[in-house]
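This report refers to the structure that appears directly beneath it.
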Amino acid sequence: MPSRTLPKSACEALKQVHPDVCKRYFGCGLVIPEKLEGCAVLDLGSGSGRDCYVFSKLVGERGQVIGLDMTDVMIVASQKYVQYHQEKFGYSKPNTVFVKGYMEKLSDAGIQNNSLDVVVSNCVICLCPDKRTVISEAYKVLKEGGELYYSDMYASKAVPDSFKEDPVLWGEGMAGALYWRDLITLMKDIGFSTPHLVAGSHIVVHNPELQRKTGDVKYASGTYRIFKIPQNSIKTKALVTYKGTVPDCAECFEFDASHYFKTNVPVEVGAEMAAILQNTRFSTDFNISMLETTGLNQSSTPQVNVMCCPTEIKSARGSPPLPSCPS
């Protein structure tokens, strides 16, 4: 199936990443949210640094990119190309740094609370036993209005504890994959918005031995975007009109699999989506008119089923989920 097209700016940035960095890449997607100019971005489990160097180009010289990894070999490998990309992008000084540390202890790595605009991760959280702590740490370091945007593996049901004793299942991410419904509960408990599914696809297990071990547990890769909405934000349904001002999205802005905004076309959205558009970096890209009596923290009414399973996704345009650059 043809892949969902990436924005031109992300494709151009990816083409400029050093080939040796790309060769050592092990993610399951490309986690590139829109409108990153000037943002401070943290990549959890940065590995070879491929995504970080894409972000380095997209945030611009005024932005900042931090890559966090727990292994010395990956930190050394990624740091090797900091100056290369600085010169490639024409920056007077580097905007990217790689630090050794753990996702569960971001303060120990020198990352300050309420300091980041975007936190990303690419198929790493499934390898972490304590997902609640990881998500809580991401929440702490994000500014109000900040975004957690990440790709990971998910399971069709709660994975048995016995899977975690198998080193192959753990190494493949299958033993640590979160049941997708538990993701929704986890995010809401910590204080994040409802997870909005951007893209997803089935993971087909071809190995007969792994099929036998996992039984009826099915897997999918899914990319979600979740926001740290201010606690006192006004939440009510709204009529929103996209201005066409998000970079690379002049005609339309495909926010997630359920929200597709055409330029200058009014769309009614639920309370939580309205709060997201009002309180994040996208606030200047929409004209927003409230439709209900304003009140604090009213319950959200998603416009469409944004909490769907990643294996059931169909984007607003009907396009398959995995990203690629146009040929």
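Hydrogens, waters and symmetry mates play no part in the numbers below; they use all other heavy atoms, side chains included. By convention here, the first residue in the shown sequence is residue 1.
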Value rounded to 0.5 Å, distance of CD1 in Ile111 from NZ in Lys140: 13.0 Å
Within one Ile-Leu-Val-Met-Phe-Trp-Tyr cluster: Trp170 and Val205, side-chain cutoff 4.5 Å: no
Whether over 12 other heavy atoms sit under 6.0 Å from Lys243 NZ: yes
Distance in Å, Leu116 CG paired with Cys39 SG, rounded so as to fall on 0.5 Å steps: 10.0 Å
Flag, side chain of Ser156 to backbone of Lys218, donor-acceptor distance under 3.5 Å: yes
side-chain hydrogen bond (donor to acceptor under 3.5 Å, both in side chains) evaluation trace for Asn207 with Lys213: CA-CA 10 Å; Asn207 185 293; Lys213 289 180 177 181; over 6 Å; no
Heavy atoms of other groups near Tyr102 OH, more than 12 under 6.0 Å: no
Residue Lys80 excluded, over 12 heavy atoms near NZ under 6.0 Å: no
Val65-Tyr91 co-clustered via ILVMFWY side chain contacts under 4.5 Å: no
Between Ser92 and Glu61: side-chain donor-acceptor atoms closer than 3.5 Å: yes
Nearest heavy-atom neighbours spanning Met153 and Cys123: CG-SG, 4.2 Å
Just list the side-chain donor-acceptor pairs under 3.5 Å for residues 66-74, sequence neighbours left out, or say none.
| unit_1 | atom_1 | unit_2 | atom_2 | d |
| --- | --- | --- | --- | --- |
| Asp69 | OD1 | Thr71 | N | 3.0 |
| Asp69 | OD1 | Thr71 | OG1 | 2.6 |
| Asp69 | OD2 | Gly47 | N | 2.9 |
| Asp72 | OD1 | Lys100 | NZ | 3.1 |
| Asp72 | OD2 | Lys100 | NZ | 3.2 |

From Ser201 atom OG to Tyr219 atom OH, the distance as rounded to the nearest 0.5 Å: 15.0 Å
Pairwise distance CG(Leu127) to CD(Glu172) - rounded to 0.5 angstrom: 9.5 Å
ring-ring contact (aromatic ring centres under 6.0 Å, His included) partners of residues 110-153, not counting sequence neighbours, each pair once: Tyr139-Phe192
Val246, Thr241, Leu277 screened by side chain to side chain contact (heavy atoms under 4.5 Å, CB included) with Asp285, the one that passes: Val246
Parallel, tilted or perpendicular: rings of Tyr242 and Phe286 (30°, 60°): tilted
Whether Phe227 and Phe282 hold their rings parallel, tilted or perpendicular, with breakpoints at 30° and 60°: perpendicular
Leu239 side, atom CG; Ser289 side, atom OG - distance, nearest 0.5 Å: 6.0 Å
Value rounded to 0.5 Å, distance of NZ in Lys228 from CG in Leu148: 11.5 Å
Crowding at CD, Glu251 (>12 non-hydrogen neighbours, <6.0 Å): no
Polar side chain donor-acceptor pair, Asp130 to Thr133, under 3.5 angstrom: yes
Ring geometry between Tyr81 and His18 (parallel below 30°, tilted from 30 to 60°, perpendicular above 60°): tilted
Under 3.5 Å donor-acceptor, Asp117 side chain and Ala40 backbone: yes
Stepwise side-chain hydrogen bond (donor to acceptor under 3.5 Å, both in side chains) check, Glu87 with Gln83: CA-CA 6 Å; Glu87 296 173 355; Gln83 183 176 352; 2.9 Å; yes
Shortest non-hydrogen separation from Gln278 to Ile288 and the atoms involved: CG-CD1, 3.4 Å
